[in-house]
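Take this structure, written in structure tokens, and hold onto it; I'll ask about it next.
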Amino acid sequence: MDMQVAKKKLGLKEKYQVMTRDLNWTPTYQKMEDIYPYVHYEGIKIHDWDRWEDPFRLTMDAYWKYQAEKEKKLYAIIDAYAQNNGHLNVTDARYINTVKLFLTGVSPLEYMAHRGFAHVGRAFPGPGPRVACLMQSLDEMRHFQTQVHAISNYNKYYNGFHDFRQWHDRVWYLSVPKSFFDDAITAGPFEFMVAIGFSFEYVLTNLLFVPFVSGAAYNGDMGTMAYGFSAQSDEARHMTLGLEVIKFILEQDPDNLPIVQRWIDKWTWRGYRVLTLVAMMMDYMLPKRTMSWKEAWEIYFEENGGALFRDLSRYGIRMPKCAETIRFEKDHLSHQAWCTFYNYTAATAFHTWIPTEDEMQWLSAKYPDSFDKYYRPRWEFWREQAAKGNRFYNTTLPMLCQTCQIPMLFTEPGDPTKICYRETDYKGMKYHFCSDHCKEIFEHEPEKYVQAWLPVHQIYQGNCFPEGTDPSAEGFDPLKAVLQWYNVVHGRDNLDFDGSEDQRNFAAWRAQATRNV
Amino acid sequence: MSTVFIAFQTNEETRPIIEAIVEDNPHARVNEAPAMVKIDADGRLIVKRSSIEERLGREFDLQELHVNLISLSGNIEEDEDQFVLVWKN
Ligand SMILES: [Fe+2]
Ligand SMILES: [Fe+2]
């Protein structure tokens, strides 16, 4: 008869060892370089993959257990929110435009992150990072799915949600987040990890999720708060993976330092440029604000990022070069972005508006050095013009930066009245940039960035009209044709919030919910 | 000195966790934001399993922290009994 011997429960360290490292084996009849073909060409030298440390020591069995718990909590809230017509409890219907921006701009990136981590996890010969990347890949798929589920509820009631996946591929401002991730996913595995795992997740993600999610909580959007927090609960693990990657690479070989530093400089800037959309969301789109973009930047980048880079200085890493430019831009970024969208809202899948008098007072208080001097006069002028019936919708196309794909809307460092233009020649062609940083990124890898799919160029080349369109026909309206190709419905999805169908419906439904009509 | 932080959702599950952290880290500062509690501390922050268990009246696995975690900063040192955030500068 077998004797039942009580086994001692494995400690965290041993369990992790058994359930990750011990599942690894050394191949005998295939060469390592054939199985892992991408680990050498970027120039990163790794001598011992076993030196990889995973501080959380999470194993797959525990992973499933906790993720299942998160999902149960999340879907209970999403169901309750939908059953209770929760969308009518948001502060005002302008708020819903932040959710549109999120679904079209950010959620598809979650899916790309899923693909990216699956790909690099496969590319690394070490079992530690492979398991960590596998978990993150699954997390990102979960983020994408839960966001689409939660936001689909809004699509039943509001415009600007009905074709988010196609918009991500086609619409001009969405090429900014899309090209950012495409750039990362087409890099080598180490660069991807530094780009997304470190620069985005560790350095910048707090600026995306924390303000967005507490913004949702502040504005009564329980659905968004629920998926936001649920995604964010995986974030601590992702951030830790990003930090471990950097430390691991730097500890392996001193030759890795200049390569990693260049990637940090590049990807902090690339990520920051994408966050322009978050800046204007925080300062202009949330009816009830949590904190200003500038305050968020100071807490999450200057303070926390400062601590992080001081910590990494023992490896020779310094603050990203762009930090100085960003310090100057923080007083201007959100204002310049929202002014631009107000101009171009005939070609957007969300609504814009002029800030109210109260909101302008808030902006003056939060931006004492810039708002009253440079931006309030513009809003007052546009408000006056709109009142006179001269609402101006800009229908000409702006010049785009070849690297970040944002229209040339940013100003010179040190002079907020002068648009910043940079250019360079490559193989007989001229390329344009929004900044020294974007120019430098291009010049280091021109063969990559000359391939950029720039929405404005594509429109001019005739690639963004419905099939069979004849641009030489009498009375051809290019904007109308582009919107048709986008599947953005003119007069419903675009233009001012004032007078929109969303505004009318929300007011009518809210009235029904509070009165016996 | 550099600041480390940890942030949780505000709910019934995190209330005893936050209480335990506050007691074990007298130098910590608690910031309440909408639906979120962020705890900042100079240099180092410790989360002790035993302090949480005392308040919960049941066994607690520190990996349960992940369910309600929003964000953190600092290097992590974790074992069965404690979870530490620290900047080494
Ligand atoms: Fe994610
Ligand atoms: Fe740029």
Side-chain angles (χ1 to χ4, degrees), chain A residues 9 11-13 15 53-59 62-63 65-67 69-70 73 202 205-206 209-211 213-220 222 225-226 228-240 243-244 247 288 290-291 299-300 303-314, chain B residues 1-14 17-18 21 28-49 59-89:
Chain A
K9 227 176 125 193
L12 200 55
K13 257 186 192 154
K15 190 176 159 197
E53 284 286 336
D54 185 343
F56 283 137
R57 301 192 185 91
L58 193 62
T59 51
Y63 174 79
K65 182 177 143 199
Y66 293 119
Q67 296 305 95
E69 207 171 309
K70 291 176 186 179
K73 284 178 65 152
Y202 205 100
T205 196
N206 278 322
F209 269 95
V210 177
V213 178
S214 28
Y218 235 43
N219 286 278
M222 214 165 55
M225 188 188 81
F229 277 148
S230 194
Q232 194 64 28
S233 70
D234 299 335
E235 219 54 53
R237 187 154 33 75
H238 300 176
M239 292 167 67
T240 307
L243 186 56
E244 285 313 309
K247 292 198 283 193
K288 206 165 146 61
T290 47
M291 58 168 74
I299 294 173
Y300 289 110
E303 196 179 307
N304 293 323
L308 167 69
F309 285 105
R310 275 197 298 283
D311 191 73
L312 291 175
S313 65
R314 68 197 139 110
Chain B
M1 192 186 273
S2 295
T3 307
V4 295
F5 79 80
I6 192 162
F8 294 101
Q9 292 187 48
T10 310
N11 60 32
E12 278 307 295
E13 285 173 12
T14 58
I17 299 172
I18 291 156
I21 295 173
R29 300 175 298 278
V30 178
N31 301 298
E32 301 198 21
M36 174 179 111
V37 181
K38 180 167 175 272
I39 306 167
D40 296 316
D42 289 337
R44 190 169 184 274
L45 188 92
I46 185 166
V47 184
K48 286 189 196 160
R49 182 170 60 90
E59 281 188 12
F60 184 81
D61 185 330
L62 283 174
Q63 292 193 330
E64 288 180 50
L65 288 176
H66 286 277
V67 175
N68 293 297
L69 196 55
I70 292 173
S71 186
L72 48 76
S73 74
N75 292 294
I76 293 163
E77 291 161 8
E78 187 187 23
D79 62 28
E80 284 86 350
D81 299 321
Q82 58 184 39
F83 178 95
V84 181
L85 290 169
V86 62
W87 285 127
K88 290 165 189 149
N89 57 35

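Per chain, numbering begins at 1; letters A, B, ... match sequence-line order.
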Exercise for review: Would you mind checking which part of B/Asp81 comes under 4.5 Å of any heavy atom in chain A, side chain (CB onward), backbone (N, CA, C, O), both or neither?
Suggested key: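 Neither the backbone nor the side chain of B/Asp81 comes within 4.5 Å of chain A.
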**Study point:** Top contributor to chain B interface from A/Met225, A/Glu303, A/Lys73, A/Lys13 [non-hydrogen pairs under 4.5 Å]
**Key:**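 Most pairs with chain B among the choices: A/Lys73.
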Review point. Could B/Glu77 and B/Arg44 be called an ion pair, given the rule that one side-chain N must be under 4.0 Å from one carboxylate O?
Key: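 Here B/Glu77 does not pair with B/Arg44 in a salt bridge, since their nearest N and O are not under 4.0 Å apart.
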Review point. Heavy-atom distance under 4.5 Å to chain B: side chain of A/Arg57, backbone, both or neither?
Key: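 For A/Arg57, backbone and side chain are both near chain B.
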Exercise for review: Examine the side chains of B/Ser71 and A/Asn206 and answer whether a donor and an acceptor come within less than 3.5 Å of each other.
Suggested key: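 The answer is yes; a qualifying pair exists.
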**Study point:** Pairs of heavy atoms under 4.5 Å with chain A: top-ranked of B/Ile6, B/Asp79, B/Asn75
**Key:**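 Highest number of pairs under 4.5 Å: B/Asn75.
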Review point. Side chain, backbone, both or neither: which part of B/Gln9 has a heavy atom under 4.5 Å from chain A?
Key: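 Just the side chain, heavy atoms under 4.5 Å.
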Exercise for review: Can you tell which part of B/Phe5 gets under 4.5 Å to a heavy atom of chain A, answering side chain, backbone, both or neither?
Suggested key: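 The side chain, not the backbone.
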Review point. Considering residues at least two apart in sequence or located in another chain, which fulfil the side chain to side chain contact (heavy atoms under 4.5 Å, CB included) criterion with A/Glu69?
Key: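 For A/Glu69 the side chain to side chain contact (heavy atoms under 4.5 Å, CB included) partners, ignoring immediate neighbours, are A/Tyr66, B/Val67.
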Point to revise | Lys/Arg N to Asp/Glu carboxylate O, B/Arg29 vs B/Asp42, below 4.0 Å | key: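 Looking at B/Arg29 and B/Asp42, the cut-off is met.
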Review point. Does the side chain of A/Ser233 pick up a donor-acceptor pair with the side chain of A/Lys70 at under 3.5 Å?
Key: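 There is such a pair (donor and acceptor under 3.5 Å, judged by atom type) between the side chains of A/Ser233 and A/Lys70.
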Check your understanding: Quick one: what part of A/Tyr63 sits under 4.5 Å from any heavy atom of chain B, side chain, backbone, both or neither?
Key ->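 Neither the backbone nor the side chain of A/Tyr63 comes within 4.5 Å of chain B.
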**Study point:** Pairs of heavy atoms under 4.5 Å with chain A: top-ranked of B/Val4, B/Ile70, B/Asn68, B/Ile76
**Key:**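 The residue among B/Val4, B/Ile70, B/Asn68, B/Ile76 with the greatest pair count is B/Ile70.
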Exercise for review: List in chain and number order the residues that pass salt bridge (Lys or Arg N to Asp or Glu O under 4.0 Å) with B/Glu59, two or more places apart in sequence or in another chain; answer none if no residue qualifies.
Suggested key: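 Scan of B/Glu59 (salt bridge (Lys or Arg N to Asp or Glu O under 4.0 Å), adjacent residues dropped) gives none.
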